[in-house]
Amino acid sequence: LGTGTGLGRPRSLPSLPLVGSLLQLAGHPQLHLRLWRLQGRYGSLYALWMGSHYVVVVNSYQHAREVLLKKGKAFAGRPRTVTTDLLSRGGKDIAFASYGPLWKFQRKLVHAALSMFGEGSLALERIICREAASLCETLSAAQDTALDMAPELTRAVTNVVCSLCFNSSYRRGDPEFEAMLEYSQGIVDTVAKESLVDIFPWLQIFPNKDLALLKRCLKVRDQLLQQKFTEHKEAFCRDAVRDLMDALLQVRFSAENSSSSVPGLELTDDHLLMTVGDIFGAGVETTTTVLKWAVIYLLHYPEVQRKIQEEMDQKIGLARHPHLSDRPLLPYLEATISEVLRIRPVSPLLIPHVSLADTSIGEYSIPKGARVVINLWSVHHDEKEWDKPEEFNPGRFLDEHGQHIHSPSPSYLPFGAGIRVCLGEVLAKMELFLFLAWVLQRFTLECPQDQPLPSLEGKFGVVLQVQKFQVKARLRDAWRAAS
Ligand code: HEM
Ligand code: PLO
């Protein structure tokens, strides 16, 4: 394999039969940091073995861009693993499905539905503002007491995707919402962590605590999805498509009623459910995680918070709430969001890619079937590209006129790139902007006096999670006076 190109393979970590390079990785739960540090010994592009799987690790933006953009199609596959197969019923979703016509079709449908209900639509802005207002009310009620903001942020974000996917929303304390919080945490804790089961599928025959937890959580998720599905089928009306689930149902019904349906492009119930499950899961866990990281950094850097508030006071004032159309007016807030996405990438290793043919990265040959892990942590912490990468400095994302720029360096890919690029980038940015603008217009967030500042250390997993922390939301004097 890979011969004929005249190129050599990337340098490989030592590896033993059966376990592969596991010994170098075992005992390092923060896999992104371990793979980042291994560059010191093996260079920015190296290979390793996870059991019998050949894995190539990419740590530089040049190689990352080659994989995702220049040779995007050759690297558009996804590996099948035990946990993601359970999550997606054997890859019938979008994120964990391998490249093929059905995956392309699903992506296209979701993209169209998201643009119809979401991006650029006033309806979506209204939904986000409704949730932002409700979040602010909760913060007001808990004023000056130490509060765990996580469930409140999660409910706000969940209600936005819930409106998009199911045309529904949750009230505080709704038992269905509580159940969802619990199962989703269980999934995040167990899925796609390169856990032992994913490396050695035969371990499934032994009792495995993580796998049992994942299966329990998926049962709860499946019940919830199935219930929404049944409700939607009963209420479906082709002239009033209300949400993503309706949009997918409509595609199904029109395919059933026409003789021209393309073989191999049939959306089964499973495909439909898993697609909605993906958008719902991705919609909740990613955006909530970024909001939590943003709050943590604002507690650590009060001067950044002050600057955002000064900008808002000047450009928007206190007489009205922030709108999406204010984004160009608030470059410092936008820069802060960009910096949060850089310093703590939600998806530190993206989702692994797989090469679909013999190909190459840089001057190295890569065989068909290789798993390619893009270490976004390394890309975002490259000292050649970022001055003091662990310093939180939104100013990096401003030009000399104080205007927000996409990035000062090409070493920045928070949403990935190319044909597997994130489907929710526009939606996520709308939410991050509005939620933060609403909260910071009214409140100053502080660390409760008797508590240490929250940890900046992430917990590696399918998303880079924050550790639990509390905040005190103090109503701003200016806001109190104005209202
Ligand atoms: C994939 C980042 C929010 C839906 C991805 C990938 C990244 C990413 C890095 C992987 C790209 C790859 O494997 O090459 C983020 C960040 C978010 C965010 C940083 C929030 C700030 C969302 C939201 C949605 C979403 C809100 C849903 C509406 C997806 C889907 C995929 C994906 C469906 C899989 C695409 C595919 O495999 O074809 N995202 N995401 N994401 N994201 Fe997001
Ligand atoms: C989050 C937990 C949910 O219960 C299920 C789920 C579905 C889609 C996953 C998401 C989880 C985690 C973040 C993922 C998303 C698809 C794309 C996104 C992996 C596991 C990212 C950041 O790549």
Side-chain angles (χ1 to χ4, degrees), residues 58 64 67-69 72 75-79 83-84 86-88 91 93-100 103-104 106-108 110-111 113-115 117-119 124 154 157-158 160-161 164-165 180-193 214 217-218 220-222 224-225 244 274-294 337-338 340-342 344-354 372-374 376-377 379-380 412-433 461-465:
V58 168
V67 168
L68 299 174
L69 290 163
F75 289 104
R78 295 284 196 212
T83 53
T84 57
L86 283 170
L87 177 72
S88 63
D93 67 336
I94 297 177
F96 303 105
S98 206
Y99 183 80
W103 165 82
K104 261 195 194 157
Q106 281 162 280
R107 245 192 97 105
K108 218 172 85 189
V110 169
H111 192 76
L114 283 179
S115 346
F117 299 114
E119 302 151 11
L124 182 61
T154 312
V157 173
T158 303
V160 176
V161 259
L164 278 176
C165 292
M180 188 230 102
L181 271 187
E182 194 182 318
Y183 86 64
S184 203
Q185 185 60 47
I187 295 176
V188 170
D189 283 341
T190 51
V191 104
K193 281 181 22 180
L214 176 59
C217 291
L218 286 176
V220 183
R221 179 201 66 168
D222 289 348
L224 193 142
L225 279 177
L244 178 64
M274 293 302 107
T275 301
V276 179
D278 243 24
I279 301 307
F280 189 66
V284 172
E285 293 299 335
T286 52
T287 311
T288 312
T289 303
V290 186
L291 285 173
K292 289 189 238 173
W293 278 122
I337 295 171
S338 298
V340 173
L341 289 168
R342 179 193 69 81
R344 288 297 176 269
V346 180
S347 181
L349 301 180
L350 308 190
I351 303 174
H353 288 243
V354 166
V372 180
V373 168
I374 311 272
L376 202 56
W377 181 277
V379 172
H380 286 183
Y412 183 64
L413 298 164
F415 296 91
I419 50 181
R420 283 280 181 174
V421 71
C422 176
L423 262 173
E425 175 169 354
V426 177
L427 170 64
K429 285 185 169 160
M430 289 167 76
E431 294 185 70
L432 293 173
F433 175 82
V462 68
V463 293
L464 187 66
Q465 299 177 77

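Indexing begins at 1, ligand by ligand and atom by atom, following the structure's order. A quick note: this is a predicted structure, and the numbers were derived from the prediction, not measured.
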Options [options], ranked by nearest heavy atom to [atom], top entry:
atom: atom 37 (O) of ligand 1; options: R344, E425, Q106, R78; value: R78
atom: atom 5 (C) of ligand 2; options: G424, G281, A192, G416; value: G281
atom: atom 4 (C) of ligand 1; options: A64, P414, A282; value: A282
atom: atom 23 (O) of ligand 2; options: V463, I351, V220; value: I351
atom: atom 33 (C) of ligand 1; options: L423, I419, L432, V110; value: L423

May I ask you to list the atoms of ligand 1 that are less than 4.0 angstrom from any heavy atom of [X]?
X: L427; result: 28 (C)
X: S347; result: 9 (C)
X: A95; result: 34 (C), 37 (O)
X: I351; result: 13 (O)
X: I94; result: 36 (C), 37 (O), 38 (O)

| said: Working to the nearest 0.5 angstrom, can you tell me the gap between L427 CG and L432 CG? | reply: 9.0 Å

| Quick one: CG on L87 to CG on D93, what's the gap to the nearest 0.5 Å? | 6.5 Å

Interfacing atoms of ligand 2 (cut-off 4.0 Å, heavy-atom, [X]):
X: T286; value: 22 (C)
X: I187; value: 2 (C), 4 (O)
X: S347; value: 22 (C), 23 (O)
X: V188; value: 1 (C), 2 (C)

Starting from [atom], locate the nearest protein heavy atom and write down its residue, its atom name and how far away it is, to 0.1 Å.
atom: atom 20 (C) of ligand 1; result: A428 CB, 3.6 Å
atom: atom 24 (C) of ligand 1; result: G424 CA, 3.5 Å
atom: atom 43 (Fe) of ligand 1; result: C422 SG, 2.3 Å
atom: atom 19 (C) of ligand 2; result: V462 CG2, 3.6 Å
atom: atom 15 (C) of ligand 2; result: A282 CB, 3.7 Å
atom: atom 1 (C) of ligand 2; result: E285 CG, 3.5 Å
atom: atom 15 (C) of ligand 1; result: F415 CD2, 3.6 Å
atom: atom 16 (C) of ligand 2; result: A95 CB, 3.6 Å
atom: atom 11 (C) of ligand 1; result: R420 O, 3.3 Å

| field | Heavy-atom closest contact (S338 atom, Y412 atom, distance) | value | O-OH, 2.8 Å

| message | Give me the atom names and distance for the closest heavy-atom approach of L69 to G418. | response | CD2-N, 3.6 Å

| query | What part of V290, side chain, backbone, both or neither, has a heavy atom within less than 4.0 angstrom of ligand 1? | reply | side chain

| note | Logged contact type for V346 with ligand 1, heavy-atom cut-off 4.0 Å, is side chain

| field | Flag, side chain of S184 to backbone of M180, donor-acceptor distance under 3.5 Å | value | no

May I ask you to check whether [X] has an N/O atom sitting below 3.5 Å from an N/O atom of ligand 1?
X: T286; result: no
X: H353; result: yes
X: R107; result: yes

Under 4.5 Å between any side-chain heavy atoms of [X] and [Y], yes or no?
X: I337; Y: K429; value: no
X: Q465; Y: Q185; value: yes
X: T83; Y: T190; value: no
X: R107; Y: I419; value: no
X: L124; Y: V160; value: yes
X: P345; Y: W377; value: yes
X: L341; Y: W293; value: no
X: F75; Y: V354; value: no

| note | Counting heavy atoms under 4.0 Å, the part of V346 that contacts ligand 2 is neither

| request: Show your reasoning for whether side chain to side chain contact (heavy atoms under 4.5 Å, CB included) applies to I374 and L349. | output: CA-CA 5 Å; I374 311 272; L349 301 180; over 6 Å; no

| said: So is D278 touching ligand 2 or not, going by heavy atoms under 4.0 Å? | reply: yes

| query | Looking only at heavy atoms of E431, does any of them come nearer than 4.0 Å to an atom of ligand 1? | reply | no

| said: Just to check, does W103 reach to within less than 4.0 Å of ligand 1 when the distance is taken from its heavy atoms? | reply: yes

| query | Under 3.5 Å between some N or O of ligand 2 and some N or O of S184? | reply | yes

